[in-house]
Novice: 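Quick one: the structure is below, questions incoming.
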Number of protein chains: 2
Amino acid sequence: MKKDLRIIKTQENLRRALLKLLKEKPLEDISITELCRIAKINRGTFYLHYKDVHGVLKDYWETIIADLKESYEEPYYQTNFKIENVQADMIKIFHHVKQYQDFYQIIFSEKTPMFYYYQLFETVHSFVRDSFNKSLTDDNKNLKVEFLISYQTNAILGLLLEWHKQDYETSVELLNEQLIYSIRLGK
Amino acid sequence: MKKDLRIIKTQENLRRALLKLLKEKPLEDISITELCRIAKINRGTFYLHYKDVHGVLKDYWETIIADLKESYEEPYYQTNFKIENVQADMIKIFHHVKQYQDFYQIIFSEKTPMFYYYQLFETVHSFVRDSFNKSLTDDNKNLKVEFLISYQTNAILGLLLEWHKQDYETSVELLNEQLIYSIRLGK
DNA sequence: AAAGATATTGAACACTCGTTCATTAATTAT
DNA sequence: ATAATTAATGAACGAGTGTTCAATATCTTT
């Protein structure tokens with residue numbers, strides 16, 4: 001029981017149209033009517049799938065988050081130093097954001113709802129937790145670990161927002177250095 | 001040269017109407033037309049002052065931020081321990097958010113634009129910087145201080161978002177304890 | 001290949017939006 | 001108090017919104 005081809009076609013057309021329009025104008029200026037005109041679908045059909053223009057973006061967002069989770073699973077260079085171990089995986093996040101920079105420029109802009117921030121937070125949070133579980137010995141763990149995890153997640157998200165403000169000029173490597181410095185503080 | 005009374009009256013009516021409507025329904029469901037009907041002002045007049053419903057909220061937001069800055073200026077209990085010194089002022093933030101809980105519930109909700117978060121960040125950031133300047137001796141300062149300040153700001157904002165998610169159930173005191181614990185990490 | 005299921009279409013509806021403009025009303029300055 | 005200034009009003013506009021419904025087109029199942 002797979003999805004109806006017509007649905008897939010409609011959604012693909014809408015996503016394509018949105019990405020095309022986003023190169024011309026900000027999200028707020030894109031009307032449903034215009035989006036449907038470009039996508040060559042009826043406006044009524046739009047409402048069968050989405051509530052508003054953001055709905056189409058959220059769909060795309062899900063694939064991006066899925067891609068982030070996937071790239072986290074992949075192996076990456078690991079040093080022997082404990083602190084770096086905990087944090088080595090996090091550079092993947094920076095590479096991911098850099099890769100989808102055009103998208104994150106929208107996600108982090110002032111007019112965009114907090115929704116995306118929260119979802120990214122949850123994702124990064126699960127990464128940090130995972131890293132902790134990998135590198136902590138049992139006697140190393142304590143009740144405050146949960147708290148540390150959140151703390152570090154906030155540090156990462158904060159770095160990303162700062163990066164956004166600087167228009168993604170800092171290199172991924174420097175960003176990662178800053179993060180490692182943060183983590184050393186929170187050792 | 002003060003502001004025309006009619007302008008003040010119009011803006012007050014709009015703010016009052018918005019606060020009234022916000023008790024009934026979420027911000028997204030409030031149309032300009034309805035807001036004007038409640039405020040008993042012409043819809044055309046609305047556009048002389050604001051661009052959208054969020055504009056009215058932003059106006060109110062400015063007074064709230066001003067109030068936060070004011071309460072930061074007021075004296076507060078100071079301990080003799082350095083770490084607590086740096087952080088003692090920050091409990092004011094928690095009290096402030098608790099005081100305007102109804103408002104922050106909106107500010108931090110998924111559908112609200114990042115705008116408010118960024119402004120709050122800047123404000124808290126200036127507080128943290130100020131605290132550092134107060135409590136750090138000159139030889140204590142180094143190039144990484146700026147970085148520490150941002151780091152701690154992120155910790156505070158992260159705590160606030162966490163607080164929001166838990167519907168502001170945690171007490172201000174416990175929240176402050178958690179913050180002090182964070183800061184001790186980042187000593 | 002035909003039948004059944006379901007997605008898309010187009011048209012229509014009342015409504016909101018953002019803007020304009022001449023008219024009226026309220027406020028400020030003289 | 002009067003004149004000058006400026007804000008608010010009401011009406012109208014073209015466009016977008018969100019929804020409905022019967023008719024049509026497309027896909028899936030047998």
Side-chain angles (χ1 to χ4, degrees), chain A residues 1-63 106 109-113 115, chain B residues 1-63 106 109-113 115:
Chain A
M1 188 69 184
K2 48 186 169 183
K3 221 191 235 179
D4 197 305
L5 279 181
R6 291 167 293 184
I7 294 179
I8 296 171
K9 194 201 80 185
T10 296
Q11 294 182 343
E12 276 181 355
N13 286 338
L14 278 171
R15 177 181 300 184
R16 202 174 6 249
L18 180 61
L19 292 178
K20 183 178 178 185
L21 283 171
L22 278 174
K23 287 178 184 164
E24 298 170 19
K25 53 172 84 174
L27 191 67
E28 308 77 63
D29 294 354
I30 299 172
S31 70
I32 293 173
T33 302
E34 185 182 17
L35 188 62
C36 292
R37 197 176 60 243
I38 303 291
K40 292 191 178 65
I41 65 142
N42 189 275
R43 195 166 58 88
T45 307
F46 177 91
Y47 288 105
L48 294 174
H49 298 280
Y50 305 104
K51 207 175 108 293
D52 47 31
V53 179
H54 253 295
V56 185
L57 198 70
K58 281 185 188 171
D59 242 28
Y60 187 31
W61 171 241
E62 276 178 32
T63 72
I106 298 167
S109 77
E110 286 196 343
K111 296 189 174 176
T112 301
F115 169 80
Chain B
M1 189 67 183
K2 48 187 171 183
K3 222 190 232 175
D4 197 305
L5 281 180
R6 290 166 294 184
I7 294 179
I8 297 171
K9 195 200 80 184
T10 296
Q11 294 182 343
E12 276 180 356
N13 285 338
L14 279 171
R15 178 182 299 184
R16 202 176 3 251
L18 180 61
L19 292 178
K20 182 178 177 185
L21 283 172
L22 278 174
K23 287 177 183 164
E24 299 170 17
K25 53 172 84 173
L27 190 68
E28 308 77 61
D29 293 354
I30 299 172
S31 69
I32 293 174
T33 302
E34 186 181 15
L35 188 62
C36 292
R37 197 174 59 242
I38 303 292
K40 292 191 179 63
I41 65 144
N42 190 274
R43 195 166 58 88
T45 307
F46 178 92
Y47 288 105
L48 293 175
H49 299 279
Y50 305 105
K51 210 175 105 293
D52 48 30
V53 178
H54 253 295
V56 186
L57 199 70
K58 280 185 188 172
D59 241 27
Y60 187 31
W61 171 241
E62 276 178 31
T63 71
I106 298 166
S109 78
E110 285 195 344
K111 296 189 176 175
T112 302
F115 169 80

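Throughout, protein chains are lettered first and strands after them, A, B, ... in sequence-line order, and every chain is numbered starting at 1. For clarity, every value in this text was computed on a predicted model and none was experimentally measured.
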Novice: Take the protein atom CZ of B/Phe46 and the nucleotide atom P of C/dT19, then report the distance between them rounded to whole Å.
Specialist: 11 Å
Novice: Is there side-chain contact between A/His54 and A/Phe115, with at least one heavy-atom pair below 4.5 Å?
Specialist: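 No, their side chains stay 4.5 Å or more apart.
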Novice: When you match B/Lys9 and A/Thr45 each to their closest nucleotide on DNA chain C, which lands nearer the 5' end?
Specialist: A/Thr45
Novice: For the side chain of A/Arg43 and the base of D/dG18, is some donor closer than 3.5 Å to an acceptor across the two?
Specialist: yes
Novice: Taking the side chain as C-beta and beyond, is there a heavy-atom pair between A/Leu35 and A/Ile41 under 4.5 Å?
Specialist: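 No; the side chains remain at least 4.5 Å from each other.
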Novice: So, are B/Glu28 and A/Lys51 salt-bridged, with charged N and O less than 4.0 Å apart?
Specialist: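 Salt bridge: no.
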Novice: Can you measure A/Gln11 atom CD to D/dT26 atom C1' for me and round it to whole angstrom units?
Specialist: 16 Å
Novice: To the nearest angstrom, how far is B/Leu48 atom CG from C/dG18 atom C1'?
Specialist: 12 Å
Novice: Compute the angle between the rotation axes at the two ends of the helix from C/dA1-D/dT30 to C/dT30-D/dA1, each taken over five pairs, rounded to 10 degrees.
Specialist: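 Taking five pairs per end, the axes differ by 40°.
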Novice: With side chains defined as the heavy atoms from C-beta onward, is the minimum distance between B/Ile32 and B/Tyr47 less than 4.5 Å?
Specialist: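 Yes, side chains in contact.
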Novice: Between atom NZ in B/Lys51 and atom C1' in C/dG18, what is the gap in whole Å?
Specialist: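 Whole-Å distance recorded here is 11 Å.
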Novice: Give the nucleotide from the list D/dG18, D/dT28, C/dT27 with an atom nearest to the side chain of A/Leu5.
Specialist: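 Looking only at side-chain atoms, A/Leu5 lies closest to D/dT28.
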Novice: How many whole angstroms separate atom CD of B/Glu12 from atom P of D/dA7?
Specialist: 17 Å
Novice: Taking for each residue the nucleotide of DNA chain C bearing the nearest heavy atom, is the 5' side occupied by B/Arg6 or by B/Asp52?
Specialist: B/Asp52
Novice: For side-chain contact (heavy atoms from CB on, under 4.5 Å), just list the numbers for B/Asn13 and B/Lys40, CA-CA rounded to whole Å, side-chain angles, deciding distance to a tenth of an Å, and then say yes or no.
Specialist: CA-CA 8 Å; B/Asn13 285 338; B/Lys40 292 191 179 63; over 6 Å; no
Novice: Got A/Leu57 and A/Ile106 here, is their nearest side-chain heavy-atom distance under 4.5 Å?
Specialist: yes
Novice: Rounded to whole Å, please give me the gap between CD1 in A/Ile7 and P in D/dA25.
Specialist: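 After rounding, the gap between these two atoms is 19 Å.
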Novice: C/dT19 phosphate, OP1 or OP2: any side-chain N/O from B/Tyr47 under 4.0 angstrom?
Specialist: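 Checking C/dT19 against B/Tyr47, no side-chain N or O comes under 4.0 Å of OP1 or OP2.
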Novice: Is any side-chain heavy atom of B/Leu18 closer than 4.5 Å to a side-chain heavy atom of B/Leu27?
Specialist: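 B/Leu18 reaches B/Leu27 side chain to side chain.
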Novice: Side chains of B/Lys111 and B/Pro26: closer than 4.5 Å at any heavy-atom pair?
Specialist: no
Novice: Does B/His49 place a side-chain N or O at less than 4.0 Å from the phosphate oxygens OP1/OP2 of D/dA7?
Specialist: no
Novice: With the threshold set at under 4.0 Å for non-hydrogen atoms, list the residues of residues 15-42 of chain A touching DNA chain D in residue-number order.
Specialist: A/Ser31, A/Ile32, A/Thr33
Novice: Do any pairs count as a ring-ring contact (aromatic ring centres under 6.0 Å, His included) and have a residue in residues 8-32 of chain A, sequence neighbours left out, and if so which ones?
Specialist: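 Listed once each, the pairs would be none.
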